[in-house]
K.L.:
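Sharing a structure with you now.
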Amino acid sequence: MNTRMWGGRFSEGPDAIMEEINASIGFDRKLFRQDIEASKAHATMLAATGIIGREDAEKIVEGLDTILREIEAGKFKFQRSLEDIHTHVEARLKQLIGAAAGRLHTARSRNDQVATDFRLWVRDAIDQIDAGLRDLQQALAEKALANAGTIMPGFTHLQTAQPVTFGHHLLAYVEMIARDRGRFADARKRLNENPLGSAALAGTSFPIDRAMTSKALGFARPTANSLDAVSDRDFALETLAAASICSVHLSRFAEEVVVWCSAGFNFIRLSDRFTTGSSIMPQKRNPDAAELSRAKTGRIIGSLTGLLIVMKGLPLAYSKDMQEDKEQVFDAIESLVLAIAATAGMVRDMAANAEAMKRAAGASYATATDLADWLVRTLGMPFRRAHEVTGEVVALAEKKGVALEEVSLAEMRKIEPAITAEVFGVLGVEASVKSRTSLGGTAPANVRREAKRWLARLAREAAT
Ligand code: ARG
C-alpha cells in the first residue's frame, strides 16, 4: 500500500534515489510559517464561501496553529518520505484532526501553494533587508556628519586626484543604498499579488473568493492569470537582481575598507571587534569582515545566475525544476543580510586617522586643479591655457621635490607673470575642499547639510 498524498494510482513506493532527488523538506521547511498562514487563510475562505463546513474549517485552523507551535518548539518530526513542507503540514494535520484535514486541499494545489508561500517568504526577506539597509544608512550618515571636515584624497584610477572629505565619501554610499532600497521596494510592489486559487494551473471550478485570501495574506490583489501565477518566479529573480547590485555596493565599500586599513594607506583603524589576528604574524590585524562581505557577492550573483538558468527553458506552467528556486534565494538573502549587518558594524567601529588622510590628500599635487581654476577665475585665462601653466608649476615643484605651495611666488611668476600672492590661498587642501560648494560637491558645509538631511529623513522613516 502506498501512503503518499498522491499515492492512489501508485502500487510501488519510489526508489531511494528518486526520493532523494525529489525531496525538498531539507530546505523548504524554512517556509513553515508562510505555509501555515496561507493554509489558514485558505481554510477560512473555503468556509466563508460554503465550500467546506464551518466546523471543519475551525478544526483545520486550530490544528494548523498546533503544528506551528510544534515546529517552533522543535518538536515536529520531519521525514524525507513526506517530500516537502506542504505535505508535512497536511499529514500532521490529519494525525491531529482526522478526516477533516483532507478538506483543506480543496480548490488548491501545491503549485499555487508553493508560489504563495514563497512570495510571502521573499516579501518578509525584502522587509528584513530594507531594515538592515536603513540601519546601514544611519551608521554611514552619522559617521559622515562626524567627518564632514575630515580631509582625504579623492581618487580616480586609484591615483590621487583631488582632496575630498571623508564624510562626502561615506555619503556616496548612502546614495547607493538609497537606490538599492528603491529597487527592493519596487520588486516588492510587483511581488505583492496572490497566486493562491490558481490551483494546479487552470484555476478551479469551486466558487472561491480570491480577494478574501489576498486581503488575509496582505497581498494587494490576486494574480490575474492562473498559468502565469504558478509558473512565475520573477519575484525571486527581481529580488536576487536587487540583492546582486546591493552586494556589489557592499563589496566596493569592503574593498575600500581593506585598502584604507592597509599599512600603506593607514586611513582608518578597525578595533579588535572587527578584525582578526594572524596565527603566525603577531603584528597583523586583518579586516576579515570586510573581506568576507566582499566575497559574499560571489554567491549572491551566483544565485541570480543559477535561478535565471533554471528558469530559462521552462514551458508553462509548473515544472519540478522550479523547486530549485529556494536554496538559491535562501542562501543569497542570508548572505546579504549578514554582509549588510557586518558593514554597518564596521562603519560604526571605524576610526578615521585624520592626520594620515590629510597628509595623503596634500601629496601628489592634488590641488593642481585649484591652481588652474584660480588662473581662470582671477586672471581670466582660458582653462586649457591654465592647465598648461599649472602643468609647468607642477613639473617645477616635482623637480625640486616640494609641495605646490612651497614653490615661491618669484618662481611661479617666471612661468606666468600675472600670478599674485593671493594664489597661496587656494593651494592648501583645506581651501580646496572648502571651495567645492557646488550642488553635490565635497565642501564640509555641503556634507554637514547633506548628512543632517539624511539623518532627519531616516528619523522620519523610523517614526512612521
Ligand atoms: N516542493 C515543490 C516545490 O518546491 C512543491 C510543488 C510541487 N508540485 C508538484 N506538482 N509536484 O516546487
Side-chain angles (χ1 to χ4, degrees), residues 20-35 84-85 111 114-133 136 176-177 179-193 195 228-255 288-314 318-344:
E20 189 174 343
I21 195 170
N22 201 34
S24 55
I25 190 59
F27 48 89
D28 70 13
R29 62 170 75 179
K30 262 197 197 332
L31 301 176
F32 73 92
R33 268 178 223 291
Q34 291 77 13
D35 193 71
D84 59 26
I85 187 63
N111 297 348
V114 73
T116 305
D117 295 359
F118 200 30
R119 279 191 194 229
L120 291 172
W121 192 93
V122 173
R123 195 176 69 186
D124 286 347
I126 289 176
D127 293 343
Q128 192 192 353
I129 288 167
D130 187 67
L133 290 176
L136 175 55
M176 293 183 223
I177 290 158
R179 292 194 293 275
D180 289 325
R181 294 182 67 192
R183 270 180 285 272
F184 280 113
D186 192 46
R188 192 190 194 283
K189 259 184 237 152
R190 265 185 302 279
L191 165 151
N192 208 25
E193 293 187 347
D228 177 43
V230 295
S231 57
D232 169 53
R233 291 296 180 270
D234 288 1
F235 61 94
L237 291 171
E238 284 191 43
T239 302
L240 289 177
S244 295
I245 298 175
C246 179
S247 77
V248 167
H249 293 154
L250 298 182
S251 180
R252 293 181 74 175
F253 184 73
E255 167 66 11
D288 295 34
E291 294 165 82
L292 288 163
S293 297
R294 186 173 58 183
K296 295 283 182 205
T297 313
R299 50 207 286 179
I300 295 169
I301 296 174
S303 302
L304 172 62
T305 315
L307 186 54
L308 282 168
I309 295 172
V310 166
M311 297 304 294
K312 78 165 262 296
L314 297 185
Y318 178 86
S319 295
K320 199 57 172 270
D321 306 53
M322 287 160 69
Q323 179 166 287
E324 291 282 315
D325 57 359
K326 290 169 210 63
E327 282 167 294
Q328 313 264 13
V329 171
F330 292 157
D331 185 73
I333 299 298
E334 196 179 310
S335 302
L336 184 63
V337 165
L338 194 56
I340 293 167
T343 307

K.L.:
Below 4.5 Å, heavy atoms only, C-beta onward: do I301 and V248 meet side chain to side chain?
P.N.:
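Side-chain contact under 4.5 Å: yes.
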K.L.:
Is T297 close to L250 at the side-chain level, that is, under 4.5 Å between some pair of heavy atoms?
P.N.:
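Answer no - side chains too far apart.
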K.L.:
About how many Å separate NZ of K30 and CD1 of I333, when rounded to the nearest 0.5 Å?
P.N.:
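If I round to the nearest 0.5 Å, the distance is 11.0 Å.
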K.L.:
Could you grab the distance from atom CZ of R179 to atom CG of L133, nearest 0.5 Å is fine?
P.N.:
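That separation rounds to 13.0 Å.
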K.L.:
Quick one: does Q328's side chain have a donor or acceptor within less than 3.5 Å of a partner on T305's backbone?
P.N.:
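No, Q328 side chain to T305 backbone: no donor-acceptor pair under 3.5 Å.
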K.L.:
Going by the salt bridge (charged side-chain N to carboxylate O under 4.0 Å, His left out) test, which pairs reach into residues 318-342, not counting sequence neighbours?
P.N.:
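For residues 318-342: E83-K320, R233-D325, R299-D331.
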K.L.:
Check H249 against R183 and note the closest heavy-atom contact, atom names and distance.
P.N.:
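Shortest heavy-atom contact: CE1-NH2, 3.8 Å.
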K.L.:
Is S251 reaching over with its side chain to a backbone N or O of S247, donor-acceptor style, under 3.5 angstrom?
P.N.:
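Checked: no pair found.
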K.L.:
Answer yes or no: is there a donor N or O on one side and an acceptor on the other, between the side chain of D28 and the main chain of I85, under 3.5 Å?
P.N.:
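Yes, because the side chain of D28 sits within donor-acceptor range (under 3.5 Å) of the backbone of I85.
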K.L.:
Closest heavy-atom contact between F184 and T239?
P.N.:
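Looking at all heavy atoms of both residues, the closest pair is CE2-O, 3.7 Å.
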K.L.:
So how far is it from F118 CZ to D232 CG, rounded to the nearest 0.5 Å?
P.N.:
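Reported value, rounded in 0.5 Å steps: 11.5 Å.
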K.L.:
Can you list every side chain to side chain donor-acceptor pair (under 3.5 Å) pair that touches residues 123-132, not counting sequence neighbours?
P.N.:
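Qualifying pairs, neighbours excluded: Q34-D124, R123-N192, D127-R188, D130-R181.
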K.L.:
Specify the closest pair of heavy atoms between I300 and A332, including all atoms of both residues, with the distance to one decimal.
P.N.:
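Result for this residue pair: CG1-O, 3.8 Å.
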K.L.:
Working to the nearest 0.5 angstrom, can you tell me the gap between L338 CG and S293 OG?
P.N.:
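L338 CG to S293 OG: 7.5 Å, rounded to 0.5 Å.
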K.L.:
Should we say atom CZ of R29 is surrounded by more than 12 heavy atoms from elsewhere, each under 6.0 Å from it?
P.N.:
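Enclosed.
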K.L.:
Taking all atoms of both residues into account, what is the closest heavy-atom pair of T343 and F253, and its distance?
P.N.:
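Here T343 and F253 meet closest at CG2-CD2, 3.6 Å.
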K.L.:
Take atom CG in L314; do more than 12 heavy atoms of anything else shown fall under 6.0 Å from it?
P.N.:
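Yes, enclosed.
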K.L.:
Please find the pair of heavy atoms, one from L237 and one from L304, that lie closest to each other, and give the distance.
P.N.:
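Taking L237 first and L304 second, the nearest heavy atoms are O-CD1, 3.7 Å.
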K.L.:
Taking all atoms of both residues into account, what is the closest heavy-atom pair of R119 and P195, and its distance?
P.N.:
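Residues R119 and P195, closest heavy atoms: NE-CG, 3.6 Å.
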